[in-house]
Amino acid sequence: MTISLERTERIEMAEPGELTLDQLFDLLERMPVPEGYKVEIVEGTVYMAPQRDVHWDTIFEVATALRERFGGKKRLVKSDVRIDFPGEKNGFCPDIAKLAENAKKENGRWRCQDVEFVAEVISKGTGTNDYGPKKAAYAAAEIAVYLIIDPYLGRCRVFTHPQDGEYKRDLTLAYGEPIDLTDTVLDMTLQTEDFPRD
């Protein structure tokens, strides 16, 4: 097992094919994960990234807008909750996931088939996951809207219309420009002028 203590911590098991995703998460629950770190498994590799103020403030802005749009009664908006996605050992904890109204748990976890929207806020150490394997897994799961928020560049990328394992539409907007999602399952416009920069 190797552990690298950088801005993002990465743990690789010598033979990851021998452990299931559930077994990996069981091991993680017994490990001393530092407080304030987010842990998820992307293609069988464990990533631990520190949560920063800018990261949380951005998540809060988006989650608040979603709660205002969809109401808080049904608890359809989730943050940092494990959801398993298509691909080899993909146990993601999206920064924000909006579930369908009829969403139901299976084996104690939310099903990726019931996720309508995902937002990820870029962290320097894990940004390549957001644009690479996570984007591919979200498209394969046919998540209708995938939003990447980059506080370093001050811009957002919106991916929509998943088909055949990829997103057919890709829109880039600078902070301050509204994200028009009225033609999607969200049927709302997301304001970005208050997104903090890092």
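Values below: all heavy atoms of this structure, side chains included; hydrogens, waters and symmetry mates excluded. Please read these numbers as outputs of a predicted model, since none were measured by experiment.
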By side chain to side chain contact (heavy atoms under 4.5 Å, CB included), which residues pair with Lys104, not counting sequence neighbours?
-> Arg111, Asp114
Residues in side chain to side chain contact (heavy atoms under 4.5 Å, CB included) with Pro151, at least two apart?
-> Arg52, Val54, Val121, Ile122, Tyr175, Asp198
Heavy-atom pair of closest approach, residues [X] and [Y]:
{"X": "Lys168", "Y": "Glu166", "value": "NZ-OE2, 3.2 Å"}
{"X": "Phe159", "Y": "Ile148", "value": "CE1-CD1, 3.7 Å"}
{"X": "Leu173", "Y": "Pro178", "value": "CD1-O, 3.7 Å"}
{"X": "Leu76", "Y": "Ala100", "value": "CD2-O, 3.5 Å"}
{"X": "Gly91", "Y": "Asp84", "value": "CA-OD1, 3.6 Å"}

Might you work through the side-chain contact (heavy atoms from CB on, under 4.5 Å) test for Thr189 and Gln191, ending with a clear yes or no?
-> CA-CA 6 Å; Thr189 299; Gln191 302 302 324; 3.6 Å; yes
Treating [X] as the side-chain partner and [Y] as the backbone partner, does any N or O pair qualify as donor plus acceptor under 3.5 Å?
{"X": "Glu177", "Y": "Ala174", "answer": "yes"}
{"X": "Thr20", "Y": "Gln23", "answer": "yes"}
{"X": "Ser79", "Y": "Ile96", "answer": "no"}

Check whether more than 12 heavy atoms from other residues, nucleotides or ligands sit under 6.0 Å from atom CZ of Arg169, and answer yes or no.
-> no
Side-chain donor-acceptor pairs of residues 135-146 under 3.5 Å, sequence neighbours excluded:
from, atom 1, to, atom 2, distance (Å)
Tyr138, OH, Glu120, OE2, 2.7
Tyr146, OH, Asp130, O, 2.7

Kindly confirm or rule out a cation-pi arrangement of Lys134 over Phe85, judged by NZ or CZ under 6.0 Å from the six-membered ring centre and within 45° of its axis?
-> no
Side chains of [X] and [Y], heavy atoms from C-beta outward: is any pair under 4.5 Å?
{"X": "Glu193", "Y": "Glu61", "value": "no"}
{"X": "Asp180", "Y": "Met188", "value": "no"}
{"X": "Val115", "Y": "Trp110", "value": "no"}
{"X": "Val158", "Y": "Leu181", "value": "yes"}
{"X": "Thr160", "Y": "Phe117", "value": "no"}

Is there a path from Leu153 to Leu147 through hydrophobic residues (I, L, V, M, F, W, Y) whose side chains come within less than 4.5 Å of each other?
->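 No, it is not one cluster - the side chains of Leu153 and Leu147 are not joined through contacts under 4.5 Å.
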Salt bridge present between Arg82 and Asp22 (N-O < 4.0 angstrom) =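 Result for this pair is yes, salt bridge flagged.
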Could you walk me through whether Asp170 and Arg157 pass the side-chain contact (heavy atoms from CB on, under 4.5 Å) test, one step at a time?
-> CA-CA 7 Å; Asp170 174 0; Arg157 296 262 312 262; 2.5 Å; yes
Atom [atom1] of [X] and atom [atom2] of [Y]: how far apart are they, to the nearest 0.5 Å?
{"X": "Thr182", "Y": "Ile179", "atom1": "OG1", "atom2": "CD1", "result": "12.5 Å"}
{"X": "Asp150", "Y": "Lys124", "atom1": "CG", "atom2": "NZ", "result": "10.0 Å"}
{"X": "Asp57", "Y": "Arg197", "atom1": "CG", "atom2": "CZ", "result": "15.0 Å"}
{"X": "Cys112", "Y": "Leu99", "atom1": "SG", "atom2": "CG", "result": "11.0 Å"}
{"X": "Thr184", "Y": "Glu116", "atom1": "OG1", "atom2": "CD", "result": "9.0 Å"}
{"X": "Glu101", "Y": "Phe70", "atom1": "CD", "atom2": "CZ", "result": "9.0 Å"}

Apply side-chain contact (heavy atoms from CB on, under 4.5 Å) to the pair Ile83 and Phe92, showing each step before the final yes or no.
-> CA-CA 6 Å; Ile83 301 172; Phe92 304 159; 5.9 Å; no
